[in-house]
There are 2 protein chains.
Amino acid sequence: MLIIAERINATRRRIGRAIEERDAGLLEREVRIQAEAGADFIDVNAASDPAREIDDLRWAVEVVQRSTDLPLCLDSSDPEALRAGLELIEGDVVMLNSVTGEPDKMQQVIPLAAESGARLVALTMDGRGLPDTAERRVDIAAKLIEAAQSAGIERGRLFVDPCIQPISTSVEQALAVLSAVFRIMQAFPGAHTTCGLSNISFGLPNRPLINRTYLGCLIAAGLDSAILDPTAGEVMDVVRAAEALAGRDDFCMNYIRAMRERL
Amino acid sequence: MLIIAERINATRRRIGRAIEERDAGLLEREVRIQAEAGADFIDVNAASDPAREIDDLRWAVEVVQRSTDLPLCLDSSDPEALRAGLELIEGDVVMLNSVTGEPDKMQQVIPLAAESGARLVALTMDGRGLPDTAERRVDIAAKLIEAAQSAGIERGRLFVDPCIQPISTSVEQALAVLSAVFRIMQAFPGAHTTCGLSNISFGLPNRPLINRTYLGCLIAAGLDSAILDPTAGEVMDVVRAAEALAGRDDFCMNYIRAMRERL
């Protein structure tokens with residue numbers, strides 16, 4: 001399970017202010033606690049103000065990069081911001097978050113990933129509104145995977161995100177996304193699936209409970225990556241438990257080790 | 001979600017001793033805490049010693065029945081014990097746990113349920129070893145449902161139990177049971193599914209974490225009943241969260257109410 005740690009996101013007020021005020025110490029602390037909690041990638045989103053995003057992202061990338069050996073996940077809907085962030089990356093592992101099935105996004109972002117060797121989060125949306133069935137998500141995933149492969153990006157670098165929607169507004173969407181994850185993992189061996197987990201609980205009380213309960217279901221359905229806050233309550237325990245349940249932890253050794261380390 | 005509360009089971013040492021010593025107060029307390037935690041049925045198992053089981057079960061049934069308005073679930077692999085327990089039941093709702101697909105068990109237990117109007121837990125095992133695939137579980141379920149219907153037991157009284165096995169011994173069985181639950185709920189509309197949840201975590205540390213993580217997955221797959229300890233940590237919170245995720249809680253109202261009641 002590949003964990004993309006989401007806390008450094010400028011749409012969160014505390015992080016947005018820290019980026020605006022160039023408070024490197026706060027970002028370094030956010031990197032450290034997420035790394036200690038089990039992050040594999042550190043997501044960096046600096047999109048609080050489109051007019052400043054490229055400058056802010058450059059600053060944040062430099063701060064985060066010098067404070068950790070973990071690879072970064074550059075997070076922007078603006079292909080130019082992704083390009084600007086990529087120019088600063090020093091290691092050979094990086095992720096771009098994200099491309100969508102919209103033609104202009106595919107044309108701009110897929111070449112960035114192809115040229116840089118970056119891993120790529122691919123959202124199953126295509127400009128005709130959010131997908132509302134498993135079928136549409138699988139169809140858009142197929143289009144994205146084909147376009148990426150045509151550009152030389154192998155499936156193993158693709159992380160298909162089936163666009164979780166809040167159950168508070170559309171009660172049948174959680175099962176639709178579970179079904180999409182299952183079908184995408186069956187239909188496109190080698191490709192990964194990921195998701196912005198916390199979207200599921202928007203507007204509800206005790207969001208961590210909904211988030212981690214759903215994460216267990218998603219992992220059982222085949223999900224092998226998630227964009228989440230690894231410091232949130234019990235979520236990493238659920239990752240270990242669900243991987244054992246999904247048959248991805250021989251003799252449950254990782255689970256047993258994780259539980260022993262906590263005691 | 002129908003919760004069959006499992007704590008009154010004589011194979012647990014404390015309960016076995018209380019039954020042997022005719023300690024009614026301890027059983028009454030077990031009933032009360034399970035009722036308060038959200039039980040719908042109180043399981044009563046008195047099978048610590050086959051030579052005493054029928055006497056022990058009669059005593060336990062009388063104690064439990066006079067201490068709660070909740071219906072009982074009579075739990076024995078011995079059809080004669082089930083018959084003896086049934087004779088003492090005063091209300092018109094009761095569950096029998098369980099029948100299997102073994103011919104002699106079907107011949108003895110199905111008539112008991114048919115005549116008494118009892119709900120019936122039907123284990124998908126048939127004497128040829130524990131089922132190891134989803135297919136075998138579905139096949140045995142079909143046989144049990146057909147036999148029950150021939151005897152006049154409608155599907156709504158049947159609770160098919162696909163026989164959870166510990167992931168510590170067979171790492172692929174958790175997904176096989178999830179698949180079986182999904183297929184049984186699709187193939188036999190009206191029938192219920194249930195499971196002895198805690199079997200999944202036998203031999204592992206932090207069993208409640210494995211149990212509740214798996215329960216969320218099972219509910220998303222369609223499970224609508226479970227045999228579990230409703231007082232165990234966060235398990236009933238996971239039931240509420242998973243029912244919302246499975247689209248069985250309009251506008252998430254039950255979830256929101258449950259979270260507010262806790263605060």
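Each chain gets a letter, A, B and so on, in the order the sequences are listed, and its residues count up from 1. Just the heavy atoms: all of them, side chains too, but no hydrogens, waters or symmetry mates, feed the values below.
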B/Ile219 versus chain A, the contacting section by heavy-atom distance below 4.5 Å: neither
Residue, of A/Val238, A/Asp250, A/Leu218, A/Asp249, that accumulates the most heavy atom pairs under 4.5 Å with chain B: A/Val238
B/Gly216 to A/Thr213 - nearest heavy-atom pair and separation: CA-CG2, 4.3 Å
Residue-level interface, residues 165-180 of chain B with chain A, non-hydrogen cut-off under 4.5 Å: B/Ile167, B/Ser168, B/Val171, B/Ala174, B/Leu175, B/Leu178
Structural part of A/Arg212 lying under 4.5 Å from a heavy atom of chain B: side chain
A/Ile256, part contacting chain B, at a heavy-atom distance under 4.5 Å: both
Heavy-atom contact with chain B under 4.5 Å, split by part of A/Ile200: side chain
Heavy-atom side-chain proximity of B/Arg240 to A/Leu209 below 4.5 angstrom: no
Residue pair B/Tyr255 / A/Leu204: nearest heavy atoms and the distance that separates them: CE2-CB, 4.3 Å
When B/Ala242, B/Gly247, B/Ala244, B/Pro205 are compared by non-hydrogen pairs under 4.5 Å with chain A, the top option: B/Pro205
